[in-house]
Structures are given as structure tokens and as C-alpha cells.
> 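First the structure, then my questions, so here it is.
Read the numbers this way: they start at 1 and go in the same order the structure lists the ligands and their atoms. One-based numbering along the sequence shown.
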Amino acid sequence: MPPRDHAIPAGKPVTSLDEVLVDCRNAALTFGRGATAVVAVHGANLWVRSADRLAIVGPSGSGKSSLLHLLAGLEQTTSGTVTWPALDGPGGIGIVFQGDSLIAALDVVENTALPLVLAGVPDGEAHRLAAEALALVDAADLAERLPEEISGGQAQRVAAARVLAQSPRLILADEPTGRLDHTTGGHVLDALLTAADQTGAALVVTTHDPAIAARLTTRLAMRGGRLLTVDEPQEAS
Ligand SMILES: Nc1ncnc2c1ncn2[C@@H]1O[C@H](COP(=O)(O)OP(=O)(O)OP(=O)(O)O)[C@@H](O)[C@H]1O
């Protein structure tokens, strides 16, 4: 395999045994055209492999969400490529969106089961999988509550459970702790890490918080749409 600048911790060469879930080569994303064009991501190179625990850390507007959307196949690259060698296209990826909102009229277990039901999984099976996923993020006791009856941190755990119930091979979480206080954010990250460990999924988390990033195995800093080298000191670009 060709060398990669990023997402490969020093001293841990990629071997043929590593499954590459996402292969991102010189991937760029520009919004708009001409004078108003914004280059959100400049030629990013990275791999995400099975069992990776990767943080993309940078300030607001640095391009983290845009990069995550490229990894998820939600945005097309303006140049360069994103492929999913060990996945069936971008299928098998679960995304915890920034400010993920639950549906107010559905209780927590119904919210968690909804994507499965919409995908045609029978109700009983969808609810069983949803209950298992809620237990993984330590939210089983919330199952019958409505979204208005739970806290922001609990809602983020439920959003994570909704993704986990779909058994993703890769979980992409966009600022899952962004609106939470430090302790609550830490619990949400604990839930994601535990769930990823137990389901064997890879995990990529974007965050502006270096303390959250420090909890992941590998860190990529992002500044002005550019990925900096792994664990590079976070000076402004
Ligand atoms: N749909 C869009 N149309 C135009 N510009 C966009 C769009 N989405 C993002 N941008 C711009 O791309 C740049 C990167 O934005 P992005 O949301 O990826 O950053 P971020 O690091 O995730 O920020 P935040 O943490 O605030 O979400 C910003 O300049 C932003 O204004």
C-alpha cells in the first residue's frame, strides 16, 4: 500500500492485515465558485482502518465537518478521491450528526429504532436492537422517556445508540460533545468508545476540545481546511 501522511501512528506501519475502511487521497472540497468560493478541505490524505480511534481536532470553521462528510460520502470531492475499500461503498458507516436532534413525539427507544424500522426491519427486532444499543451507551433506563425528558448529554448518548443499533463498521461523530459541559462530554465520549470497542467498529470524532481529542488513540489537527501531521502542536496556521 502507498504511504500516507496521516492517521498512521508513528511506529505502526499499515500491514495487509489492516482493513482500510476509508481511503482519502488528496481529497478537496470547495463550496461555491469564483470570488465567493470557500475551500473547506484542501487535499486531505488519510486512512481510517478497522479498530482506529481517530480524533480530528480544530477550531470552528477549520473544515472538520466538511472532512467528515467526505469520509461519509455525504459530499462529493471537488478533486481527489474518497473510497471505502473494505466497505460496501459508504454503507456500513453510522454518523452521529452535530446537534443531532431526536423526534419529539417518539420516546427514546422508538427514536433509536426508527432508522431500522425505516430500513424495513420488523418492529419487534428493531426494538430489540435499539434496546441493546441503548444498554451499550448506558441509557437503557431512558428507553421510555420522551426527548424533552432527558438532558443534552443523555440525548447525545441516545443519538449514538441510534447509530450503533445499525451495527456500523465505522462510526463518524461530529462534535458529539460540543454543546456539553466537560464532565458530561467525557461521559458521551466514554459511551462512544465503549460502544465502538464492544461492536468492533472504528471511531472518528471531530472536536474543538484538545482534552476530548487526547482520549482518542490518534489525533489529526485541522487548520484552515488543512490536515496537519499527527499530534502536531496546535499552533494557529
Ligand atoms: N454548505 C456550505 N456552503 C458554503 N460554505 C460552507 C458550507 N459548509 C461549510 N462551509 C464553509 O466551509 C468551512 C469549513 O466549515 P466546517 O463546517 O467544515 O468547519 P468545522 O471545523 O466543522 O466548524 P464547526 O466546528 O463550527 O462546525 C467554513 O468556512 C464554512 O463556512
> What are the atoms of ligand 1, with element, lying closer than 4.0 Å to any heavy atom of Val38?
11 (C), 12 (O), 29 (O)
> Is the shortest distance from atom 30 (C) of ligand 1 to a protein heavy atom below 4.0 Å?
no
> In terms of hydrophobic clustering (I, L, V, M, F, W, Y; side-chain heavy atoms under 4.5 Å; direct or indirect links), are Met222 and Leu74 co-clustered?
yes
> Report yes or no: does Gly178 have a heavy atom closer than 4.0 Å to ligand 1?
no
> Students should be able to answer this: which protein heavy-atom is nearest to atom 25 (O) of ligand 1, and at what distance?
Lys64 NZ, 3.0 Å
> Considering only protein heavy atoms, which is closest to atom 19 (O) of ligand 1, and at what distance to one decimal place?
Gly63 N, 3.1 Å
> Can you name the atoms of ligand 1, numbered from 1 with element, that are less than 4.0 Å from a heavy atom of Pro59?
21 (O)
> Compute whether any side-chain donor of one residue and acceptor of the other, for Thr184 and Asp181, lie under 3.5 angstrom apart.
yes
> Among all the protein's non-hydrogen atoms, which is closest to atom 17 (O) of ligand 1, and how far away is it?
Ser65 CB, 3.7 Å
> Looking at atom 4 (C) of ligand 1, what's its closest protein heavy atom, distance included?
Phe31 CB, 3.3 Å
> So which protein heavy atom does atom 18 (O) of ligand 1 come closest to, and at what separation?
Ser66 OG, 2.6 Å
> Show your working on side-chain contact (heavy atoms from CB on, under 4.5 Å) between Asp123 and Val117 and close with a plain yes or no.
CA-CA 6 Å; Asp123 271 9; Val117 172; 3.7 Å; yes
> Is it the case that one hydrophobic cluster holds both Leu29 and Ile95, taking links as side-chain heavy atoms less than 4.5 Å apart, direct or via other members?
yes
> Quick check against the 3.5 Å criterion: does Glu132 have a side-chain atom that pairs as donor or acceptor with the backbone of Leu129?
no
> Hey, looking at atom 12 (O) of ligand 1, which of Gly32, Ala40, Ala37 has the closest heavy atom?
Ala40
> Is it the case that atom CZ in Arg128 sees more than 12 heavy atoms from other parts of the structure closer than 6.0 Å?
yes
> Using a 4.5 Å cut-off on heavy atoms from C-beta on, say whether the side chain of Lys64 contacts that of Val57.
no
> For Val204, which of Leu216, Ile56, Asp174, Leu67 qualifies under side-chain contact (heavy atoms from CB on, under 4.5 Å)?
Ile56
> In terms of residue, atom name and distance, what is the protein heavy atom nearest to atom 23 (O) of ligand 1?
Gly61 N, 2.8 Å
> I want to check something: taking the side chain as every heavy atom from C-beta on, are Asn45 and Arg25 in contact at a cut-off of under 4.5 Å?
yes
> How far is atom 26 (O) of ligand 1 from the closest protein heavy atom, and which atom is that?
Ser60 OG, 2.6 Å
> Considering only heavy atoms of Ser62, which atoms of ligand 1 have at least one such atom less than 4.0 Å away?
19 (O), 20 (P), 21 (O)
